[in-house]
Student: 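I am attaching a structure below and will ask some questions about it afterwards.
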Amino acid sequence: MRQDELFGHKLVSVIEAAALLLTTTSASQASNHLDTPTSIANPQANIGDLYAWTSSNGRQLNLSMDIVGRSFSDKLQYVFHIDSGTQLGKTTSTSSIVCRFHTANDIECRLGAADVARGDASHPEGLEGQNHRFRVFAGLRDDPFFNNIKGSNAGYQVAIAALKKGTAMDWANCPKFDTATSAAILDQFRHTNGGPPMNFLGTWTTSAIVISVDLEAVNKGGKLLAVWAATATSDHQVDRAGRPMMKNSLLGLFQSDQASDALKEKYNLMSPTQSVEFTPEIQKGLEIYDGFDGVCGNAAFTHSSDDSFIRYGVSAMLLADDRLWVNSGSNVCTQLFGVELSELGGRKDLSNDCGGRAPSYNAANVYRSLLVNGTVAGFDDGLSHDEHQTSDSQFPFLGPPQPGPAGNP
């Protein structure tokens, strides 16, 4: 497909499109929770978040797939896909860990022909595979993702009001918000209903599948691992997840509910490497986020050019391939987008960081800051950590479920 065909779909009316944010529900701004009507109707298939990072001893890849529902389904497969290669964006080998539930406490997970584990994996120590290549836990845990959703939505509404009043757009469809408006957007992001920031997922309990697998069993193609997760029936994929906040922050954000849902439903049926067709839609979101700080052209992975695709296209294509990249040659894990920032963003200080996503990462704020100002800080929602204990080193990593009313199905 020619570039003019693939990327020729332009933003028709940024002001009218942005106004649709007013209809966005609170839950839709969570990481990957409740992203489509299909996932809302089937919470046992809805992936809330994916985590992937290396162990401190440098020998294992740690994985967690958080499911919105408070139980698993015996009609679904829960799959971790681990692609490997030597270059960002290119992989040459694929491994999969496929888990099924025969009953509520009888899980079977297979790492191809290399290993299998079956039995009760609900105890904190988990269940080890027959060939000792991986360990699995499956059960209720506290959801470690945190996000001030009400503050975020209030910040969007400040931007919408300014656009309706006639905020100018630059040649690349980036809004040129004035200093006062940019300050007001950030102030709303950092508060909840005008008060201290509150975590929408503070009482959220997740059904988690947690796995720690030997790196040498999944890095056949090279030390760079590209991880994504999926839930599937016997004949089709239901949901998928890679990087945090991809679908609910960028995909279909400026379309009607019906159009946005259709776009996300289609996205969920495809693999990350098939997702290049979503690049134009992702680019529209990038153009708006870039203006939130009052400066256009300073978002991560942007390029100086008089062409809007060249300015935002690299970042849009990078995000369209929605795999979570992990440098398995490192046992130091501190930075979301660490691999991408090292390879594409000039951050050579991160060349020895595993990247990926550990439970302790401040994912929402790093993600937004990169889209707004091109750094990993500075545009935040006032929250810096989850209320409950989590661990990057102690299996099964996620804290126990919290008492009290749960905020999820």
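For this chain, numbers begin at 1 and follow the sequence in order.
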Student: Tell me whether the centres of the aromatic rings in Trp204 and Phe146 are closer together than 6.0 Å.
Tutor: no

Student: Got a second to check how far Ser393's OG is from Asn331's CG, nearest 0.5 Å?
Tutor: 12.0 Å

Student: How about Phe278 and Leu263: do any of their side-chain heavy atoms sit closer than 4.5 Å?
Tutor: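 Answer yes - side chains close enough.
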
Student: Regarding Glu387 and Asn199, is there a side-chain donor-to-acceptor distance under 3.5 Å anywhere?
Tutor: yes

Student: Tell me, please, which residues at least two apart from Asp74 pass side-chain hydrogen bond (donor to acceptor under 3.5 Å, both in side chains).
Tutor: none

Student: Within a strict 4.5 Å, meaning less than it, do heavy atoms of the Met245 and Arg368 side chains meet?
Tutor: yes

Student: Of all residues at least two apart in sequence or in a different chain, which pass the side chain to side chain contact (heavy atoms under 4.5 Å, CB included) check with Thr91?
Tutor: Asp83, Ala226, Arg323, Trp325

Student: When you measure from the side chain of Thr390 to the backbone of Asp386, do you find a donor-acceptor pair of N or O atoms at a distance under 3.5 Å?
Tutor: no

Student: Can you list every pair that meets ring pair (Phe, Tyr, Trp, His ring centres under 6.0 Å) and has a residue in residues 104-134, with sequence neighbours left out?
Tutor: none

Student: Asn268 vs Gln237, test: side chain to side chain donor-acceptor pair (under 3.5 Å). Steps then yes/no.
Tutor: CA-CA 7 Å; Asn268 280 338; Gln237 190 167 284; over 6 Å; no

Student: Under the disulfide bond (SG atoms under 2.5 Å apart) definition, can you give me all pairs with a residue in residues 363-403, not counting sequence neighbours?
Tutor: none

Student: So do the side chains of Ile97 and Arg110 get within less than 4.5 Å of each other, counting heavy atoms only?
Tutor: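 No - every pair of side-chain heavy atoms lies 4.5 Å or more apart.
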
Student: Report yes or no: does Asn327 contribute a side-chain atom to a donor-acceptor pair with the main-chain N or O of Gly329 at less than 3.5 Å?
Tutor: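 Yes, Asn327 side chain to Gly329 backbone: donor-acceptor pair under 3.5 Å.
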
Student: Salt bridge (Lys or Arg N to Asp or Glu O under 4.0 Å): which pairs involve residues 87-99, sequence neighbours left out?
Tutor: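 Qualifying pairs, neighbours excluded: none.
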
Student: Taking side chain to side chain contact (heavy atoms under 4.5 Å, CB included) as the test, write out the residues that go with Leu127, two or more places apart.
Tutor: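 Leu127 satisfies side chain to side chain contact (heavy atoms under 4.5 Å, CB included) with Ala117, Ala121, Val136 only.
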
Student: Quick one: list whatever passes side-chain hydrogen bond (donor to acceptor under 3.5 Å, both in side chains) with Ser93, sequence neighbours left out.
Tutor: none

Student: Given 3.5 Å as the limit, does a donor-acceptor pair link the side chain of Ser330 with the main chain of Val332, or not?
Tutor: yes

Student: Which pairs with one or both residues in residues 209-241 pass ring pair (Phe, Tyr, Trp, His ring centres under 6.0 Å), sequence neighbours excluded?
Tutor: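 Residue pairs with at least one partner in residues 209-241: His81-Trp228.
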
Student: Between Tyr267 and Asp322, is there a side-chain donor-acceptor contact under 3.5 Å, judged purely by atom types and distance?
Tutor: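 On atom types as modelled, these side chains qualify, holding a pair under 3.5 Å.
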
Student: For Ser56, what residues pass the side chain to side chain contact (heavy atoms under 4.5 Å, CB included) criterion, not counting sequence neighbours?
Tutor: none

Student: Taking only residues two or more places apart in sequence, or in another chain, which ones meet Asn373 in a side-chain hydrogen bond (donor to acceptor under 3.5 Å, both in side chains)?
Tutor: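 Residues passing side-chain hydrogen bond (donor to acceptor under 3.5 Å, both in side chains) with Asn373: Thr375.
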
Student: I need the full list of salt bridge (Lys or Arg N to Asp or Glu O under 4.0 Å) pairs touching residues 344-354, with sequence neighbours left out, sorted by first then second residue.
Tutor: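 Non-adjacent pairs meeting salt bridge (Lys or Arg N to Asp or Glu O under 4.0 Å): Arg347-Asp349.
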
Student: For Thr54, check side-chain hydrogen bond (donor to acceptor under 3.5 Å, both in side chains) against everything at least two apart and list the hits.
Tutor: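 Thr54: no side-chain hydrogen bond (donor to acceptor under 3.5 Å, both in side chains) contacts found.
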
Student: Quiz question: by atom type and distance under 3.5 Å, do the side chains of Asn57 and Gln60 form a donor-acceptor pair?
Tutor: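 Their side chains do contain a donor-acceptor pair, which is all the 3.5 Å distance test asks for.
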
Student: Is it true that Asn62 and Ser55 share a donor-acceptor pair across their side chains at a distance under 3.5 Å?
Tutor: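 No, because no side-chain N or O of Ser55 sits under 3.5 Å from a partner of the opposite role on Asn62.
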
Student: Per the side-chain hydrogen bond (donor to acceptor under 3.5 Å, both in side chains) rule, which among Thr302, Asn173, Asp290, Thr279 passes with Tyr312?
Tutor: Asp290

Student: With the side chain counted from C-beta on, respond yes when Phe101 and Ser73 share a heavy-atom pair under 4.5 Å apart, and no when they do not.
Tutor: no

Student: Check whether NZ of the Lys or CZ of the Arg Arg141 lies under 6.0 Å from the centre of the six-membered ring of Phe137 and within 45 degrees of that ring's axis.
Tutor: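 Yes; both conditions hold, so Arg141 lies above the ring face of Phe137.
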
Student: How long is the straight-line distance from OG of Ser64 back to CG of Asp143, given to the nearest 0.5 Å?
Tutor: 9.0 Å

